[in-house]
Number of protein chains: 2
Amino acid sequence: MPVLDEDEELTAVRVAELYYDEGRTQDEVGALLELSRWKVGRLLAQAREQGIVRIEIVHPRARRLGVERALRERFGLADAVVVPAPDDPTDSDDAETLARVAQAAADHLAAMRPVPRTLGVSWGRTLAEVADRLQPGWAHGVTVVQINGGVTLNRRPGTAASTAATIAQRADGQVVLLPSPAILERIQTKRAIEADRVVADALARARSASAYLFTAGAADDRSVLVESGYVSTDDVAELVRKGAVGDVLGRFVDADGNIVDPALDARTVGLGLDGLRAADTAILVVAGRAKHDIARTAVASGLCTVLITDDTTARALLEDS
Amino acid sequence: MPVLDEDEELTAVRVAELYYDEGRTQDEVGALLELSRWKVGRLLAQAREQGIVRIEIVHPRARRLGVERALRERFGLADAVVVPAPDDPTDSDDAETLARVAQAAADHLAAMRPVPRTLGVSWGRTLAEVADRLQPGWAHGVTVVQINGGVTLNRRPGTAASTAATIAQRADGQVVLLPSPAILERIQTKRAIEADRVVADALARARSASAYLFTAGAADDRSVLVESGYVSTDDVAELVRKGAVGDVLGRFVDADGNIVDPALDARTVGLGLDGLRAADTAILVVAGRAKHDIARTAVASGLCTVLITDDTTARALLEDS
DNA sequence: ATGGCGCCTGCTCATCTGAGCACGGCCACC
DNA sequence: GGTGGCCGTGCTCAGATGAGCAGGCGCCAT
């Protein structure tokens with residue numbers, strides 16, 4: 001498509017005004033500006049091409065289909081869902097962003113075909129929001145398995161458990177909880193708890209789930225792992241020093257997706273990252289500026305097949321080679 | 001047009017995405033979402049109506065046809081030209097705004113039919129920009145008359161004269177200058193200068209011009225009248241105290257368009273405001289936030305038949321009842 | 001329960017629009 | 001100076017779109 005010269009550009013603007021603002025038909029515009037109908041059509045096409053005419057869909061539940069396509073192609077994803085970030089560019093309006101992404105995740109889950117027989121889920125603020133936005137009856141008879149440990153140490157108890165339970169309940173399904181802390185103090189305790197029949201059973205079912213729904217955490221003090229008391233702020237600082245960009249299923253990884261601290265990782269209960277990498281369907285839900293780095297790592301190192309996120313994060317992923 | 005309920009709204013969003021983002025045809029969309037082609041069409045129409053789909057023309061020389069229509073109807077203007085303000089909402093990017101408005105004024109002048117035989121013009125920063133943007137040959141044989149006094153007291157001389165001269169020269173026409181200060185110290189001097197044959201002749205031709213092109217000044221220290229030394233900053237403060245919102249042709253008016261200081265006005269040389277009010281065509285060119293008040297007054301009190309301004313100013317005029 | 005009312009839906013047809021094609025002018029190269 | 005190729009333009013025609021209309025369904029009042 002040839003570029004418009006300056007005169008044509010101005011004509012294109014006038015044409016676009018009459019066509020889109022005034023609602024004239026293409027030959028009316030042609031008659032008015034003494035152009036052929038076809039010339040008018042071509043100018044309109046070029047104006048859209050060059051961004052003189054911008055058509056945007058303004059709605060919290062709108063999606064960015066173009067960006068989604070780019071993500072799929074760039075990272076070989078099976079699917080991607082990108083929702084617009086709130087306009088408000090001043091303060092980090094992360095609550096609204098999270099709400100939109102969570103809604104999109106809920107929609108995506110409800111629209112999944114075939115419906116997974118067993119769905120493995122992690123936990124955290126993001127997934128709590130997703131669970132909350134699922135319509136009762138979003139599916140029927142889905143078994144939901146908690147895939148990483150999460151007996152909350154402080155705060156209101158049961159966030160981890162209730163996320164899984166809510167998702168299951170709203171699908172008239174069973175829930176399989178993983179009754180274990182996320183990270184244990186000593187490796188021996190971890191081995192012992194994994195030997196427990198209930199825990200072992202849950203882990204087995206986690207490994208055989210037909211789909212996973214999980215989120216990722218940034219390596220900072222606002223991480224749920226910190227707030228829950230599993231790791232201290234000092235630990236986080238140390239992990240960051242070693243290259244950690246965030247955690248997936250409680251496992252801290254560096255920019256390349258490698259485990260940062262194998263000893264810590266060995267004390268972490270739940271599905272391993274290879275479990276995700278081997279999955280047919282692994283849906284990562286991630287929102288907000290703080291999580292750009294971990295999102296990039298997760299996507300680039302093949303932890304997910306489906307990414308659900310906000311526009312800003314998506315663009316951040318696409319921007320660097 | 002009935003309002004969309006929540007479900008339909010969501011469908012409308014999906015429809016709009018497929019139609020505008022993906023470029024599908026309406027029945028393709030219908031097939032995909034299991035809707036009839038007609039339903040799809042109606043949803044698209046409603047989405048545009050309700051602002052879910054926003055089509056905007058992004059170009060410095062684009063115009064706001066909707067706002068223009070509103071201005072014409074609200075103030076009984078013969079015509080209105082509104083250009084978009086620069087996006088940059090942070091600093092008062094008035095230079096760019098002025099450039100756009102001046103360009104629009106030049107375009108409007110060049111497109112005027114019938115071409116005025118005699119064009120009365122005022123002077124100021126704004127009109128200097130307009131003159132500068134007129135293409136040589138924008139018209140043929142237009143006589144340009146300077147309608148208010150403007151022998152500049154300080155700064156580079158002749159801004160007033162050169163504006164008129166440039167406009168005339170680029171139309172291969174004559175220029176009639178008004179060789180007089182804008183405001184005189186003493187009423188007697190003013191009478192004497194008006195009695196001068198050249199001045200009297202210029203004023204007579206100003207009164208009989210077939211169209212006027214003029215601007216307005218805010219009542220503040222950045223006014224050209226202050227910078228030229230005709231009024232002091234103290235004078236301005238006093239005028240503001242008496243209710244002045246700005247000046248038109250060097251004549252300070254209050255919010256209702258009445259002369260604020262009759263004694264000062266009597267010492268001001270040039271066409272009177274009634275001369276503008278009686279004109280068939282009086283084009284007011286005004287840009288920038290500082291001039292909202294004087295613009296409102298000028299438009300509301302019938303000083304112009306055509307308004308050329310920026311989006312922000314136009315909206316300010318339309319917002320208050 | 002039942003009739004009336006009004007809204008929503010899907011159809012017919014006329015109009016509008018975009019893809020493909022042929023012509024003519026312009027430029028560059030021979 | 002001639003000639004070939006390329007770009008830009010306007011046409012043909014098929015497919016897409018929107019206005020107007022009739023049937024059907026639900027809702028409300030009687």
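Lettering follows sequence order; numbering is per chain, from 1.
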Here the distance between atom P of D:dG10 and atom CD of A:Glu34, to the nearest Å, is 12 Å

What does nucleotides 9-16 of chain C look like as a protein-contact string, B for base, S for sugar-phosphate only, - for none, at under 4.0 angstrom between heavy atoms?
BBBB---S

Taking only residues two or more places apart in sequence or in another chain, which ones pass side-chain hydrogen bond (donor to acceptor under 3.5 Å, both in side chains) with A:Arg14?
A:Glu17

Between A:Arg64 and A:Glu68, is there a side-chain N and carboxylate O pair less than 4.0 Å apart?
no

Apply the side-chain contact (heavy atoms from CB on, under 4.5 Å) test between A:Leu317 and each candidate in A:Val82, A:Val67, A:Leu307; give the one that qualifies.
A:Leu307

Short N-O contact, A:Glu8 and A:Lys39, less than 4.0 angstrom:
yes

What's the CG-P distance between A:Leu43 and C:dT17, to the nearest Å?
14 Å

Between atom CD in A:Gln46 and atom P in C:dA19, what is the gap in whole Å?
12 Å

Hey, are A:Glu49 and A:Arg42 close enough for a salt bridge, meaning a charged N less than 4.0 Å from a carboxylate O?
no

